[in-house]
Amino acid sequence: MKRLEEAYPPDLAEEWDRVGLIVGRPSSPIDKVLVAVDPVDTILTEAIERRAQLIVTHHPLYLRGTSFVAATDPKGSLVHRLIENGIALFNAHTNADSAAGGVADCLAQAVGLEDTRPLIPHTENTGSGRIGRLAVPMPLRDFANKVAQSLPSCPAGILVGGELDASVSTVAVSGGSGDSFLTDARRAGADVYICADLRHHPASEHLAGGRPYLICATHWASEWPWVPRCARMLQESFPKQLEVEISRICTDPWEMRISPENENR
Ligand SMILES: [Zn+2]
């Protein structure tokens with residue numbers, strides 16, 4: 001926990017956020033850790049199968065508090081299964097978004113950005129999102145294809161909005177839901193903004209004003225590049241004491257995407 005809090009300082013977390021040890025006893029010995037994006041049932045099952053005693057996730061389990069952890073509720077059931085299997089749960093959320101080497105940095109690196117800096121700086125190298133440039137400018141269409149090849153594959157894929165043949169070089173990124181940084185990405189002079197979960201009206205109204213064009217990944221795919229980086233950090237910190245494993249299970253809610261090819265419009 002101390003090492004995780006050094007890498008992702010809790011005081012970088014947003015005020016509304018909940019980060020740290022969710023379930024577990026700090027004195028319990030551990031020798032195997034599983035790192036993942038979401039604290040959900042499939043990830044817990046994976047941790048049980050791999051015999052991990054700690055799951056480190058990006059997302060919190062309870063963001064707004066709860067009155068019940070009864071096993072009749074999906075989250076309550078998860079709490080029960082964690083305790084019954086002797087598995088602790090720890091999360092680093094907006095503190096990991098903001099930190100150097102965190103979620104935003106990992107997404108920027110995954111899509112090949114250079115000279116990156118925080119989009120909304122907290123300090124010189126911490127803050128929300130990142131902005132950087134491509135080594136070589138290219139058409140939006142080609143860059144979007146490169147992004148699709150760089151992010152982990154998932155059924156829902158990515159969506160692209162803007163002028164596909166226009167050349168782009170300055171790119172802003174923010175892992176996870178990205179509506180709130182659209183204006184910042186424009187103000188910073190980005191040609192493209194990569195995030196997830198964009199909705200019809202904010203995206204459409206934004207694009208009516210021109211750049212940055214939009215690349216909308218899924219929430220899981222945009223944040224997953226942090227998972228191997230966090231696992232490597234932990235593994236290098238405890239080379240003998242810990243075995244650190246990476247979850248590759250896609251925890252987006254979407255199992256299938258269909259692009260209709262019919263005459264219905
Ligand atoms: Zn997220």
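Predicted model, so just to flag it, every value in this text is computed and none were measured. We count ligands from 1, going down the list as the structure has it; atoms in each ligand are counted the same way.
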Exercise for the section: Report, as yes or no, whether the 6.0 Å neighbourhood of atom CD on Gln109 holds more than 12 heavy atoms from other residues, nucleotides or ligands. Expected result: no
Handout entry: Donor-acceptor contact present, side-chain Trp224 to main-chain Ser247, <3.5 Å
Key = yes
Practice task
Say whether, by atom type as modelled, one donor and one acceptor occur between the side chain of Asp97 and the main chain of Val103 under 3.5 angstrom.
Solution key: no
Practice task
Taking atom types as modelled, find out whether Arg3 and Ser237 have a side-chain donor-acceptor pair closer than 3.5 angstrom.
Solution key: yes
Problem - Whether His93 has an N, O or S atom under 2.8 Å from the Zn ion (ligand 1) - result: no
Handout entry: Glu223 near the Zn ion (ligand 1) via N/O/S, less than 2.8 Å
Key = yes
Practice task
Look at the N, O or S atoms of His59, main chain and side chain alike, and state whether any lies under 2.8 Å from the Zn ion (ligand 1).
Solution key: yes
